[in-house]
Amino acid sequence: MSLTGKQKRFLRAQAHSMKPLFQIGKEGLNTVWVKEVKNALNKRELIKINLLQNAPSDTSEVREYLETKTDFQVVQEIGHILVLYRQADSEKNRDISIKLKEL
């Protein structure tokens, strides 16, 4: 699903007051980390992640990896913080998706 500019603006506004839920540190990205993020996105649909200074890759590399290897969508990239979106698998957890479709 490709997001329009209006939808991305809505998601950025929703994520503004959030604190990062996950961090990428010296271990970098691995399958366990991606699995945990996917589980969190199934519950929340929208999360922030933070790249620590000792992370082996920078935000652009992480963004590229997440967009190509997973079904997450990177909504925003500011400094060392990424905002990720993914529609929840369960109907009961789709609060943001429902509002997003109305736009």
Side-chain angles (χ1 to χ4, degrees):
M1 173 181 162
S2 180
L3 297 172
T4 64
K6 192 173 190 177
Q7 290 172 328
K8 285 183 181 181
R9 264 193 318 274
F10 171 76
L11 290 172
R12 287 194 303 260
Q14 294 293 313
H16 178 71
S17 61
M18 291 180 167
K19 299 220 183 266
L21 192 61
F22 288 94
Q23 296 179 340
I24 299 174
K26 65 181 178 181
E27 298 295 320
L29 292 171
N30 57 35
T31 56
V32 175
W33 185 88
V34 172
K35 183 179 174 186
E36 291 299 319
V37 169
K38 186 174 183 175
N39 289 338
L41 284 169
N42 274 333
K43 299 261 193 255
R44 300 174 183 234
E45 292 189 312
L46 188 68
I47 62 170
K48 279 186 178 179
I49 61 169
N50 185 18
L51 271 76
L52 301 177
Q53 289 181 347
N54 62 350
S57 51
D58 63 354
T59 52
S60 60
E61 292 171 352
V62 172
R63 178 185 191 132
E64 182 181 332
Y65 176 83
L66 292 175
E67 288 179 338
T68 57
K69 305 283 186 200
T70 66
D71 57 348
F72 310 155
Q73 293 192 14
V74 179
V75 177
Q76 187 176 29
E77 174 184 341
I78 296 180
H80 294 285
I81 295 182
L82 294 172
V83 177
L84 304 178
Y85 168 76
R86 180 179 178 273
Q87 183 175 338
D89 294 335
S90 174
E91 293 280 334
K92 68 178 183 174
N93 295 332
R94 290 187 182 172
D95 298 331
I96 294 176
S97 299
I98 292 169
K99 294 175 187 174
L100 201 61
K101 287 182 182 178
E102 294 173 1
L103 297 177

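Excluded from the calculations below are hydrogen atoms, water molecules and symmetry mates; all remaining heavy atoms, backbone and side chain alike, are included.
A continuous path of hydrophobic side-chain contacts links Val37 to Leu51 [ILVMFWY only; heavy atoms under 4.5 Å]. Note on Leu66 and Tyr85: separate hydrophobic clusters, where clusters join Ile, Leu, Val, Met, Phe, Trp and Tyr whose side-chain heavy atoms are under 4.5 Å apart, directly or indirectly.
Residue Glu77 places its CD atom among more than 12 non-hydrogen atoms of other residues, nucleotides or ligands, all under 6.0 Å distant. Environment of CD in Glu64: sparse, with no more than 12 heavy atoms of neighbouring residues, nucleotides or ligands closer than 6.0 Å. Annotation: Lys38, atom NZ; neighbour count of heavy atoms from other residues, nucleotides and ligands within 6.0 Å does not exceed 12. For Arg44, the CZ atom sits in a loose shell: 12 or fewer heavy atoms of surrounding residues, nucleotides or ligands are nearer than 6.0 Å.
With salt bridges taken as basic N to acidic carboxylate O contacts below 4.0 Å, one links Asp89 and Arg86. Using a 4.0 Å cut-off between charged side-chain N and carboxylate O, Lys99 and Glu102 make no salt bridge.
We find the NZ-NZ distance between Lys48 and Lys19 to be 8.5 Å, quoted to the nearest 0.5 Å.
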> Can you list the steps and then say if Leu84 with Leu46 is a side chain to side chain contact (heavy atoms under 4.5 Å, CB included)?
Replying inline: CA-CA 6 Å; Leu84 304 178; Leu46 188 68; over 6 Å; no
> Is there a side chain to side chain contact (heavy atoms under 4.5 Å, CB included) between Val83 and Val74 once you walk through the steps?
Replying inline: CA-CA 6 Å; Val83 177; Val74 179; over 6 Å; no
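Listed here is the closest heavy atom pair of Pro20 and Ile81: CG-CD1, 4.2 Å.
A donor-acceptor pair is defined here as one N or O able to donate and one able to accept, closer than 3.5 Å; no such pair exists between the side chain of Trp33 and the backbone of Glu27.
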